[in-house]
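On a predicted model such as this, the values are computed, not experimentally measured, just so you know. Just follow the structure's listing: the first ligand is 1, and inside any ligand the first atom is 1.
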Amino acid sequence: MNLLILGGTTEASAIARALAHDTRFNATISLAGRTRHPAPQPLPCRVGGFGGAEGLARYLTEHRIGAVIDATHPFATRMTRNAEDAARLSGTRLLVVWRPPWRRQPSDIWIDVPDMAAAAEALGPAPRRVLLTIGQKDLAAFAAAPWHHYVLRSVDPPAPDALPHRAEVIAARGPFAETAERDLLVTRRIEVLVTKNSGGGATEGKLAAARVLGLPVVMVSRPPPPDAETVATADEALAWIERLYHAQPRRGA
Ligand code: NAP
């Protein structure tokens, strides 16, 4: 069975590792091509956009894909919408890995906001030292609040002209342990964190560190869930693939 895994997450890599040596499947992983040195993949890998939902639908038909597993990040909303539309257009089975969001704990000081503009506004009018762990796409909102000092952590350093006026960059790839996160917050004298509610264990350490240090976290809320069948983990996705495989009509049956 031919499978397409839409990747860029720890779940996608875990699914890819599990399928790599399973001869029943002929799986390909797809990456957007955002990071300069993506982690090596155990499956054949294609890189770059498909050209919208129609382009993806064409790819699914031409490559006779039996199922597409959308294991992109929960904030990669355009890709997930395209996957929904392409699955409908091409009649391909679709599963979305929808990682549960982080939940506030009693001693957390979270400021929930709907988007990046609201996150920048929530930092307030007085200058603060801010840890931004939001990737590179949404820096413009913070460039518009140049009185803060930003410490930006992302896999690759952003283009210098995309950075807010006062910004230092830490290029690093997760996972990040709680103790290292606590050191980072203390040594960089961080007063407030800004993050998307990505969920998952790989980048949760900063929330535990902020809790211990009594620091506020500006939390950008999740987009609405996809209009598709979902599972929460890579293991559940693999179980879904297994069920689908056994439900396939066999040649000669
Ligand atoms: P997005 O805004 O939802 O997608 C924008 C466009 O990028 C899509 O329309 C598609 O282009 C292309 N694309 C996205 N994911 C792709 C994939 N896996 N394979 C091929 N093309 C892909 O996505 P994004 O938020 O920029 O995220 C890009 C990638 O980074 C995703 O793979 C995601 O898993 C990963 N990522 C995102 C975040 C985040 O916070 N957004 C965090 C960690 C990792 P076409 O329309 O041309 O097909």
Side-chain angles (χ1 to χ4, degrees), residues 3-16 27-39 41 43-63 65 67-90 92 94-99 101-102 113-116 119 132-142 152-156 158-159 162 171-176 193-204 206 218-228 230 234 237:
L3 298 174
L4 177 68
I5 318 295
L6 301 174
T9 59
T10 47
E11 288 88 346
S13 300
I15 295 168
T28 300
I29 190 158
S30 174
L31 302 177
R34 298 279 188 276
T35 53
R36 280 178 216 160
H37 304 289
Q41 295 296 330
L43 286 177
C45 182
R46 64 162 302 289
V47 179
F50 295 91
E54 290 80 9
L56 178 56
R58 238 184 344 266
Y59 180 98
L60 297 176
T61 305
E62 282 171 10
H63 291 79
I65 300 295
V68 52
I69 315 300
D70 174 6
T72 55
H73 190 271
F75 279 75
T77 47
R78 185 135 63 94
M79 187 67 251
T80 295
R81 210 167 39 244
N82 286 353
E84 289 163 14
D85 292 345
R88 264 193 294 274
L89 285 169
S90 63
T92 310
L94 168 67
L95 181 73
V96 180
V97 182
W98 184 249
R99 186 198 286 174
W102 293 315
V113 293
D115 54 34
M116 287 299 162
L132 289 182
T133 60
I134 55 159
Q136 301 192 23
K137 262 197 337 192
D138 302 298
L139 291 173
F142 301 94
L152 166 74
R153 182 171 66 197
S154 63
V155 174
D156 292 316
R173 192 192 296 268
F176 302 105
L193 281 69
V194 181
T195 182
K196 299 172 184 175
N197 193 337
S198 300
T203 57
E204 200 177 12
K206 63 191 169 197
V218 177
M219 184 66 74
V220 180
S221 303
R222 272 296 176 87
D227 181 17
T230 60

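- Proximity of Gly48 to ligand 1 is established by a heavy-atom distance of less than 4.0 Å.
- In summary, the atoms of ligand 1 found under 4.0 Å from a heavy atom of Lys137, numbered by their order in the structure, are 2 (O), 24 (P), 25 (O), 26 (O).
- Taking every non-hydrogen atom of Lys196 and a distance limit under 4.0 Å, the qualifying atoms of ligand 1 come out as 39 (C), 40 (O), 41 (N).
- Neither the backbone nor the side chain of Ile134 has a heavy atom within less than 4.0 Å of ligand 1.
- The single protein non-hydrogen atom nearest to atom 8 (C) of ligand 1 is Met79 SD, 4.0 Å, given as residue, atom name and distance.
- In terms of protein heavy atoms, atom 35 (C) of ligand 1 is closest to Gly8 O, 3.8 Å.
- The nearest heavy-atom contact from the protein to atom 9 (O) of ligand 1 is Asn82 ND2, 3.2 Å.
- Considering backbone and side-chain N/O of Thr80, none are found under 3.5 Å from N/O of ligand 1.
- Considering every non-hydrogen atom in both Val220 and Phe75, the closest pair reads O-CZ, 3.6 Å.
- Among the atoms of Arg46, none of the N or O lies under 3.5 angstrom from an N or O of ligand 1.
- Using a 4.5 Å cut-off on side-chain heavy atoms (C-beta onward), Lys206 and Phe176 make no contact.
- Taking atom 36 (N) of ligand 1 as the reference point, the nearest protein heavy-atom neighbour is His73 CB, 3.6 Å.
- Ligand 1 places these atoms under 4.0 Å from at least one heavy atom of Thr77: 3 (O).
- Between Thr72 and ligand 1, no pair of N/O atoms sits closer than 3.5 Å.
- Residue Ser30 has at least one heavy-atom neighbour below 4.0 Å for each of these atoms of ligand 1: 17 (C), 18 (N), 19 (N), 20 (C).
- Checked options Ile29, Leu56, Asp70, Leu94; the residue passing with Leu4 is Leu56 (criterion: side-chain contact (heavy atoms from CB on, under 4.5 Å)).
- With respect to atom 47 (O) of ligand 1, the closest heavy atom belonging to the protein is Gly51 N, 2.9 Å.
- Near Gly52, meaning under 4.0 Å from one of its heavy atoms, ligand 1 places the atoms 45 (P), 46 (O), 47 (O), 48 (O).
- In terms of protein heavy atoms, atom 27 (O) of ligand 1 is closest to Ala76 CB, 3.9 Å.
- Annotation: atom 17 (C) of ligand 1 to nearest protein heavy atom, Ala32 N, 3.5 Å.
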Checklist entry - Leu139 and Leu152: side-chain contact (heavy atoms from CB on, under 4.5 Å), yes or no, with the steps? => result CA-CA 9 Å; Leu139 291 173; Leu152 166 74; 3.8 Å; yes
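- Of the protein's non-hydrogen atoms, the one nearest atom 30 (O) of ligand 1 is Arg34 CG, 4.4 Å.
- Those atoms of ligand 1 with a heavy atom of Gly49 less than 4.0 angstrom away are 11 (O), 21 (N), 45 (P), 47 (O), 48 (O).
- Assignment of Gly7 to the shell around ligand 1 is supported, since a heavy atom sits closer than 4.0 Å.
- Between Tyr59 and His63, the ring planes lie parallel to each other; the angle is under 30°, not in the 30° to 60° tilted range.
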